[in-house]
Student: 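First the structure, which I've put down as structure tokens, then a few questions once you've had a look.
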Amino acid sequence: MEWGTRARVEAEVYGFMTERGLPGLAVSVAEGGEPPERWILGRADASSGRPLQASARFRWASITKTLTAVALARWVARGEIDWDAPVREVAPGVSLLRDPAWSDVLVGHLLTHTSGIGEIAAVGSLRHPLWAIGGVRPGMRTPSLTEYCAGGFRCEAPPEERWAYSNPAFCLLGSILERVSGDTFDCALIGDVAEPLGLKGLTLSMADVDPEDVAAGHRAGSGPARRVRPYEIVTIPAGAAVGTIDDLETWAEFVLSGARSVGSSLDAGLLDADSWGDLVRVQYRSHPAMPSTGLGFWLSDIGGFRVIGHGGTVPGYTSQFAVVPERGLSVCVLGNKTFYPSAYFGAGHLASRLLHVLLDVPFPEESLGDPSDADDEAVADVCGVYRVEPGILTSARAWQYFGGQVTIERRGSALVARAIAGPFRRGLVLRPVTGGSGDRSSGGLPLSFAATYDGYTIPLHFEASGEGSRPDTLHTGFPPCPFRLRRTGTSLESRAAMIAVGAGLAGVGAGLAWRRLRRE
């Protein structure tokens, strides 16, 4: 790495850690087959002052999904299962609760978050304080995948109708892996993937790790860092992996070699080039300007360079790895503090900044025009109320980020997006994206915008379903979550009513959670 590039990388790493108040941060950058360069900074535990070591174990969170995808791909390559196989055939003991017309959920749909199964397996899951990951506290028994899947999964939409991030779907994939391997998910993953690759520090339970080797997780917030209470993750195939920065470097190098083997004669290791082609090919994209999804992997573009990877967030931890096959480049980030509202606001944001530096590509905010540059006709077209798609199970995260809707309105010469919750709560000014891919097919009016929030760039792309019509769909999100909101003629009654509804739902959830904890 050239001296000037290294200086810019270090500025981003140290700046991110200082500005975000991370107790500890582990960063690795490798390019062109050279040994990785690392930055191991801060504390493994803010309360004790224990320094962070390269051997420290972090929760990898949703990076686990890529491990699960590769483990399944090995059985696909062996001919035991197929990405296009109906779930009802490969998991006959699991009930998919849905309209009979939605019976064609395939294994591949589970990997691309397009099965119609949402982030919540069922409404009853809301009773648990760690519903998103199915977490359990020390002393509580961790249910098996068979037990987790026994109640079935409710599909709120036909497959491929919408994208909805789904940890339960990956639990169903884990159950399928157990059936074809004849072993528990833990043993199948470790024996078939981790051990052959030399992921020596990888485990699927923090309870297996010596406390002195753990990078303790810390809560989100701007005040003094406080440790999160210990917990174990029930949705193991979706987010339970624990490992070191060395393990994550090895995993990133494996993914990089696999992605580069597609269409070439390079050795991909555990999988052949055709299998890698399935995993890293675009399987779903909500809009040309939004990130896309492969089979278990996030796919995006930075300055014309293809980026493959995954990130994650669980209480106390943020993680990200990303590889650029064209450059033989990999970036890994592990931190021991949670960020709001998503992984992108933590390790994912830092990884993106580092990739822009290493690829010598301008940062996203540098491609934005002045707010007053928006065409008056375009502004008039996009103003209105856009509601999240119906369904509490598949829209839980969208409700968390937007409070149900986003209102686009003019304030003076600027276009503003506001919502009842999340980054848009107080209203963010939209700036046109110069040279964006969201332009209308006729008329040339710019319909691609972005807003900046606390140093982050949030894309907003408006789409019209018919030529010459007003935009009726808003694509936005926090990578890799591509939220789609539909224009509506009516708004939720008022801000006060929205607050009351949100407070009521929160109260009900808190009450149910408290009752559950008391019973346990």
Side-chain angles (χ1 to χ4, degrees), residues 1-17 24-42 52-58 60 63 66-67 70 193-194 196-202 215 243-271 273 276 279-280 297-311 319-335 347-363:
M1 188 185 302
E2 295 181 355
W3 181 87
T5 302
R6 181 183 290 105
R8 293 181 63 195
V9 166
E10 290 188 346
E12 292 292 339
V13 171
Y14 283 97
F16 179 81
M17 182 173 180
L25 179 65
V27 178
S28 170
V29 174
E31 185 171 10
E34 295 294 323
E37 297 193 40
R38 290 179 178 174
W39 290 263
I40 311 296
L41 309 173
L52 184 67
Q53 305 289 339
S55 59
R57 311 279 189 92
F58 292 78
W60 286 9
I63 289 177
T66 62
L67 298 165
V70 168
V193 177
L197 289 177
L199 303 179
K200 299 177 181 179
L202 189 77
T244 66
I245 189 67
D246 181 67
D247 294 321
L248 192 55
E249 288 172 351
T250 302
W251 180 247
E253 181 60 33
F254 168 64
V255 174
L256 180 61
S257 64
R260 298 183 76 188
S261 73
V262 178
S264 72
S265 59
L266 293 173
D267 181 12
L270 298 181
L271 293 174
W276 272 111
L279 292 173
V280 300
F297 288 85
W298 297 344
L299 312 175
S300 59
D301 178 279
I302 293 180
F305 292 97
R306 187 167 60 116
V307 180
I308 301 166
H310 212 292
S319 62
Q320 179 77 41
F321 85 94
V323 302
V324 182
E326 293 175 65
R327 289 279 297 271
L329 171 65
S330 67
V331 172
C332 302
V333 182
L334 293 172
H349 177 66
L350 176 57
S352 176
R353 301 281 295 186
L354 295 181
L355 286 174
H356 279 80
V357 170
L358 294 162
L359 297 173
D360 195 24
V361 173
F363 292 125

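Since we're looking at a predicted model, the values are computed, not measured. Both backbone and side-chain heavy atoms feed into the values below; hydrogens, waters and symmetry mates do not.
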Student: What class does the angle between the rings of Trp251 and Phe321 fall in, given that below 30° is parallel, 30 to 60° is tilted and above 60° is perpendicular?
Tutor: perpendicular

Student: How far apart are the C-alpha atoms of Leu202 and Leu197, what are their side-chain angles, what is the distance that settles it, and do they pass the side chain to side chain contact (heavy atoms under 4.5 Å, CB included) test?
Tutor: CA-CA 11 Å; Leu202 189 77; Leu197 289 177; over 6 Å; no

Student: Roughly how far, to the nearest 0.5 Å, is CH2 of Trp60 from CG of Leu67?
Tutor: 6.0 Å

Student: State, yes or no, whether a side-chain contact exists between Val280 and Arg306 at a heavy-atom distance under 4.5 Å.
Tutor: yes

Student: Give, for atom SG of Cys332 and atom CD1 of Ile245, the distance between the pair rounded to the nearest 0.5 Å.
Tutor: 5.0 Å

Student: Ignoring hydrogens, what is the shortest heavy-atom contact between Glu326 and Gly304? Give both atom names and the distance.
Tutor: OE2-O, 3.7 Å

Student: Let's go through Val70 and Phe254 carefully: what are the C-alpha distance in whole Å and the side-chain angles of both, what is the deciding distance for side chain to side chain contact (heavy atoms under 4.5 Å, CB included) to 0.1 Å, and is it a yes or a no?
Tutor: CA-CA 11 Å; Val70 168; Phe254 168 64; 4.0 Å; yes

Student: How far apart are the closest heavy atoms of Leu334 and Gly243, and which atoms are they?
Tutor: CD1-O, 4.4 Å

Student: Checking Arg260 side chain against Gly328 main chain: does a donor-acceptor pair fall under 3.5 Å?
Tutor: no

Student: Side chains of Phe58 and Asp247, heavy atoms from C-beta outward: is any pair under 4.5 Å?
Tutor: no

Student: Locate the shortest heavy-atom distance separating Val323 from Ser330; write the atom from each residue and the value.
Tutor: CG1-CB, 3.9 Å

Student: Report the distance from atom CG of Leu355 to atom CD1 of Ile302, rounding to the nearest 0.5 Å.
Tutor: 4.5 Å

Student: Between atom CD of Glu10 and atom OG1 of Thr5, what is the distance when rounded to the nearest 0.5 Å?
Tutor: 11.5 Å

Student: So which atom in Trp276 and which in Val255 form the shortest heavy-atom distance, rounded to 0.1 Å?
Tutor: CH2-CA, 3.8 Å

Student: Would a 4.5 Å heavy-atom cut-off, applied to side chains only, mark Leu25 and Trp39 as touching?
Tutor: no

Student: Tell me the closest heavy-atom pair linking Ala215 and Leu52, and the distance in Å.
Tutor: CB-CD1, 4.0 Å

Student: What I'd like to find out is whether the side chain of Arg6 reaches to under 4.5 Å of the side chain of Glu37, using heavy atoms alone.
Tutor: yes

Student: Scan residues 25-34 for pairs that pass salt bridge (Lys or Arg N to Asp or Glu O under 4.0 Å), counting only residues two or more places apart or in two chains.
Tutor: Glu31-Arg327

Student: Between Gln320 and Leu248, which heavy-atom pair has the shortest distance, and what is it?
Tutor: O-CD2, 3.9 Å

Student: Can you find a pair of side-chain heavy atoms, one from Arg38 and one from Asp246, that are under 4.5 Å apart?
Tutor: yes

Student: When you compare the side chain of Arg8 with that of Asp360, does any pair of heavy atoms fall below 4.5 Å?
Tutor: yes

Student: Measure the spacing between CG of Leu41 and OH of Tyr14 and express it to the nearest 0.5 Å.
Tutor: 4.5 Å

Student: Taking the side chain as everything from C-beta on, heavy atoms only, tell me whether Val324 gets closer than 4.5 Å to Leu358.
Tutor: no

Student: Are any of the side-chain heavy atoms of Leu354 and Val27 separated by less than 4.5 Å?
Tutor: yes

Student: Counting only N and O atoms by type, is there a donor-acceptor contact under 3.5 Å from the side chain of Thr66 to the main-chain atoms of Ile63?
Tutor: yes

Student: Quick one: pull up CG in Leu279 and CD1 in Ile308 and give me the separation to the nearest 0.5 Å.
Tutor: 9.5 Å

